[in-house]
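Take a look at the structure below.
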Amino acid sequence: MHRSALSLLLLALSVLVALPLMGSSAVPDAERPVRLCVDPAWAPFEYLDKRGQHQGMAADYWQRMTERVGLRTEIVPTRSWEESLEKARRRECDVLTLAMKTPERSEHWLFTESYVSYPFVLVTRSEAPSVNRLEEVVDKTLAAVQGYAYTELVRERYPQIRFIEVENITEGLQRVRRGEAYGLIDSLATVAYAIQQAQLHELKVAGRFADRWNLAIAVRNDRPEWLPFFEAMTQTLTAEDRREIENRWLAAWIESPPDLRWLWASLVVLALSALLAGFFSWRHRQSSKQAALLEQLNAALMEARDRAERSEARYAELAKQSRSYAWDIDYEGYYTDLSDSVETVLGYRPEELIGRAFWDIMPAEGRDQMRDLSQAMIREGRYLAGFENQVVDCNGRRLWVSTSGMPMRDPSGEIVGFRGIDIDVDERRQQRDLLQHYAFYDGLTEIANRRLFLERLDAAIAHFGRHGMIVAVLAFDLDHFKAVNDTYGHAAGDAMLCQFATLAQGCLRRGDLLARLGGEEFAALLYETNAEGALQTAERIRACVAAEPRTFESHRIALTVSIGVTCIREGDSPESILARADASLYTAKQLGRNRVVIHDNTSAAEVA
C-alpha cells in the first residue's frame with residue numbers, strides 16, 4: 001500500500017480508538033462551537049482576509065483536522081496578535097491555532113505537541129554581512145512583532161539587544177528597508193512570503209539560526225480534559241497533507257497534476273468507511289453524540305475521496321493552460337519525476353528527461369554557472385520563488401521560464417532533493433523588454449523621450465559635480481511647424497518630425513543623446529563638449545535642415561530649425577539647464593528663427 005495512504009489509515013484508526021477512551025467530557029461540547037483566536041497578520045502561516053475569513057497554512061491544517069473529527073469552530077476576530085493573546089487571557093476564546101509554548105503562556109494554556117515547525121531567520125538590507133549567530137548583532141536594533149514568543153525568549157537570553165516592537169511583519173520589513181532597524185527576526189516561511197508579496201528585493205535573509213518556531217495548538221488550562229482530543233486531532237495530519245499545504249503557501253506555483261495516488265486514497269477511504277460503519281453501529285448503542293461525530297467523519301472522508309477524483313482532470317487542464325510543469329530532482333540535481341505537462345512546454349515526454357540532470361536543458365553558455373548555483377541552493381535548503389531563467393526545448397528553441405521550488409526532506413529532516421515548478425513566461429517577458437522600451441523612447445520617432453532625457457541629464461549633472469566633465473544641452477524647435485500640419489495634414493507633420501530626428505541624429509556622435517520632448521520640441525545632450533563644440537554641432541544641424549526641402553508624397557516642404565545652446569554650470573539642476581536652453585531658443589525665434597543662440601554667463605548671444 002502507498003506509504004501516505006497507509007499513514008492516513010493508521011492515524012484514523014488511532015483517533016477512532018482514542019475517542020471512546022477519552023470519554024464524552026474530553027470532547028468539546030458539540031452544542032457550542034469552539035472559539036478560535038488566530039494571528040490576523042502572519043502570512044503564510046495564518047491571517048484574516050478582508051472578510052474576516054481565516055486563511056493561510058494553519059487555516060488549511062485546521063480545516064482538514066476538524067473535518068476529520070467533526071469539530072465545529074468559529075473565529076474570534078482581532079486586529080493584532082497582541083489583541084488575540086489578550087482575548088485568550090480573558091477566556092474570550094478557547095483555543096489558539098498556532099502558538100509557541102513559553103513559561104508565561106503556560107500559566108494560562110496547555111499545549112499539544114508541535115505540528116508546525118520552521119527555523120528562525122534574520123532579515124537585513126542586502127548590503128549587510130551574513131550572520132551565523134545572534135551574538136554578532138547584540139549591539140544592533142532589531143524589529144520583532146509585538147507579543148511573539150521568540151521575542152520573549154531572545155530578550156531573556158540577550159538583554160542587550162534593542163527591540164522595536166511592530167504590529168505585523170510587513171511593518172517590520174519596511175522599517176528594515178528604511179534603516180530604522182538593522183534587521184527583523186521571524187520565521188523563514190513568513191519573511192520569504194512577505195518579501196515576495198511586497199517585492200522588497202533590497203532585503204535578504206542574512207542569518208538562519210538553530211532555534212525554530214515550534215508551533216502547537218494551545219488549549220485553555222481550565223479545560224485540561226480537552227487536551228488529549230486536540231492532541232489526537234493533530235495526529236490525523238499526514239505527510240501528504242503537509243506537502244500539499246506547503247506547496248500551496250510556500251511556493252509561487254499552482255499544484256502539479258496528481259498521478260494515480262488518488263486511487264490509493266480511495267481504497268483507504270473505502271476501508272475506513274467499512275470500519276467506521278461497524279464502529280458507528282457499536283457507538284450508537286453507547287452515545288448518540290459520539291455516533292453523530294463519527295457520521296460526520298465518515299461523510300468528510302467520502303467527500304475527500306470525491307474531491308480527489310474530480311480534481312485530477314481539473315489540475316491537468318490548469319497545468320496545460322498555464323504552460324507549466326512540475327518536477328522533482330534528487331540531491332545531485334537529476335530529475336526523478338516530471339508532470340505530463342512538460343511535453344506541452346518543452347516537447348519532451350517525462351521519461352525522456354527522468355534520469356538526466358536539470359542543467360542539460362539549459363543554454364550551454366550559462367550551464368556550469370546555473371549548475372553550481374542550483375546545487376548550492378539545494379544543499380543549503382533555500383526556497384526559490386519566481387526566479388526567471390532560460391531553458392531549451394526539444395527543438396533547440398530557447399524560452400524563459402519562472403522557477404519556484406522548495407527542499408524535500410526525509411523524516412529525520414535531512415535534505416534529499418528539491419521539488420518545484422517551471423512556468424512559461426516567454427511571451428510575458430517579451431511584452432515586458434517592449435513595455436520598457438516605450439517607457440523611455442518616443443513611439444513616433446523611436447528616439448529617447450522626455451523621461452529618459454531628464455534621467456540622463458540628471459546623471460550628467462552628478463558626473464559634472466564629481467569629475468568636472470563639461471556637458472552641453474541643445475534645445476530645438478521646428479519653425480512654423482503648425483503651418484505644416486495645417487497645410488499638408490498631420491501625416492505630413494509626423495513625417496517631417498521623423499525626418500528631422502534622423503537628420504539630427506546623423507549629425508551627433510554615437511555617445512550623444514537626442515530626445516523628443518513633445519510636439520515639435522527636441523533636445524540633445526552632448527557629452528564632453530564645451531560651448532565652442534556645441535555651437536559647431538548646432539550650426540551643422542541647422543544648416544543641414546535648411547539646405548533643401550523635405551519630401552512627403554508629392555510635396556516638397558521647406559523646414560528650418562531654431563536652436564538654443566547652453567552648458568552645465570556649478571549648482572545646476574535639470575530645470576535650470578533647460579530653462580537657459582529654452583531662453584536661448586526663445587531669443588533665436590525672436591531674432592527671426594533659423595538660427596543658433598548660446599546662453600553665456602550673463603545673456604544670450606547670437607551665432608552668425
Side-chain angles (χ1 to χ4, degrees), residues 37-60 75-87 96-100 116 118-128 131 137 140-152 154-155 161-209 211-213 215 245-246 248-253 382-387 404 406:
C37 275
V38 305
D39 191 329
W42 201 28
F45 285 141
E46 64 178 355
Y47 63 95
L48 296 181
D49 63 19
K50 294 180 179 179
R51 298 178 300 168
Q53 299 295 313
H54 191 200
Q55 302 288 352
M57 296 171 64
D60 287 359
I75 297 293
V76 177
T78 59
R79 291 167 295 184
S80 67
W81 177 238
E82 189 67 18
E83 183 180 347
S84 293
L85 292 177
E86 181 58 33
K87 284 184 179 288
L96 296 173
T97 54
L98 280 181
M100 187 173 178
V116 175
Y118 281 92
F120 290 106
V121 296
L122 175 68
V123 178
T124 65
R125 292 182 61 84
S126 57
E127 65 269 18
V131 176
V137 292
K140 308 294 186 183
T141 299
L142 304 181
V145 177
Q146 187 175 17
Y148 277 7
Y150 189 56
T151 309
E152 175 185 338
V154 173
R155 274 180 170 154
I161 294 181
R162 300 185 299 277
F163 275 103
I164 298 176
E165 292 193 336
V166 295
E167 187 170 336
N168 53 57
I169 190 171
T170 302
E171 179 190 345
L173 291 172
Q174 292 292 355
R175 288 201 171 202
V176 174
R177 183 184 66 81
R178 296 193 299 265
E180 298 171 13
Y182 180 79
L184 168 82
I185 292 182
D186 213 288
S187 79
L188 176 61
T190 52
V191 299
Y193 186 88
I195 288 173
Q196 177 187 346
Q197 293 297 311
Q199 297 293 302
L200 298 174
H201 300 304
E202 64 269 44
L203 303 184
K204 70 171 184 178
V205 175
R208 177 172 173 170
F209 310 122
D211 295 326
R212 301 177 70 86
W213 290 96
L215 302 169
I245 292 171
E246 285 188 346
R248 178 184 178 191
W249 291 101
L250 298 184
W253 58 51
R382 285 186 277 168
Y383 288 81
L384 185 67
F387 176 73
S404 298
M406 62 188 300

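All values below were derived from every heavy atom in this structure, side-chain atoms included, with hydrogens, water molecules and symmetry-related copies excluded. In this chain, numbering begins with 1 at the start of the sequence shown.
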- request: Give the C-alpha distance, both sets of side-chain angles, the deciding distance and a yes or no for side-chain contact (heavy atoms from CB on, under 4.5 Å) between D60 and R248.
  value: CA-CA 10 Å; D60 287 359; R248 178 184 178 191; 2.9 Å; yes
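- Side-chain contact between R175 and I164 is present, with at least one heavy-atom pair separated by less than 4.5 Å.
- M57 CE to T97 OG1: the interatomic distance, rounded to the nearest 0.5 Å, is 12.0 Å.
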message: Using side-chain contact (heavy atoms from CB on, under 4.5 Å), reason through L142 and V137 one step at a time and then give a plain yes or no.
response: CA-CA 9 Å; L142 304 181; V137 292; 4.3 Å; yes
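- Closest approach of L98 to A58, counting heavy atoms only: CD1-CB, 3.4 Å.
- Within the 3.5 Å criterion, the main-chain N or O of R79 finds a donor-acceptor partner in the side chain of E83.
- Formation of a donor-acceptor pair under 3.5 Å by the K140 side chain with backbone atoms of R162 is not found in this model.
- No side-chain heavy atom of E167 sits under 4.5 Å from any side-chain heavy atom of Q146.
- Residues D39 and Y47 form no side-chain contact, since every pair of their non-hydrogen atoms from C-beta on lies 4.5 Å or further apart.
- S187 places none of its side-chain heavy atoms less than 4.5 Å from the side chain of P119.
- Between atom CD of residue E46 and atom CG of residue L215 there is a gap of 9.0 Å, rounded to the nearest 0.5 Å.
- Between L122 and V205 the shortest side-chain heavy-atom distance does not fall below 4.5 Å.
- Side-chain contact between T78 and K87 is present, with heavy atoms from C-beta onward closer than 4.5 Å.
- Separating the CG atom in L85 from the CG atom in L96 is a distance of 6.5 Å, to the nearest 0.5 Å.
- Across all non-hydrogen atoms, the minimal contact from G172 to L184 is CA-CD1, 4.2 Å.
- E165 places none of its side-chain heavy atoms less than 4.5 Å from the side chain of V145.
- Separating the CZ atom in F163 from the OG1 atom in T141 is a distance of 10.0 Å, to the nearest 0.5 Å.
- Residue A206 comes nearest to T124 through the heavy atom pair CB-OG1, 3.3 Å, listed as atom of the first residue, atom of the second, then distance.
- In this structure, L173 and V123 have side chains that are in contact, with non-hydrogen atoms separated by less than 4.5 Å.
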- request: Start with the C-alpha gap between L384 and M406, add the side-chain angles, then the distance that decides, and say whether side-chain contact (heavy atoms from CB on, under 4.5 Å) holds.
  value: CA-CA 6 Å; L384 185 67; M406 62 188 300; over 6 Å; no
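- Across every non-hydrogen atom of P40 and S80, the tightest pair is CG-N, 3.3 Å.
- Atom NZ of K204 and atom CZ of R125 lie 11.5 Å apart (nearest 0.5 Å).
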field: From CA spacing to verdict: side chain to side chain donor-acceptor pair (under 3.5 Å), W81, N168
entry: CA-CA 8 Å; W81 177 238; N168 53 57; over 6 Å; no
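- Interatomic distance, CH2 of W42 versus CD1 of I169, reported as 9.0 Å (0.5 Å rounding).
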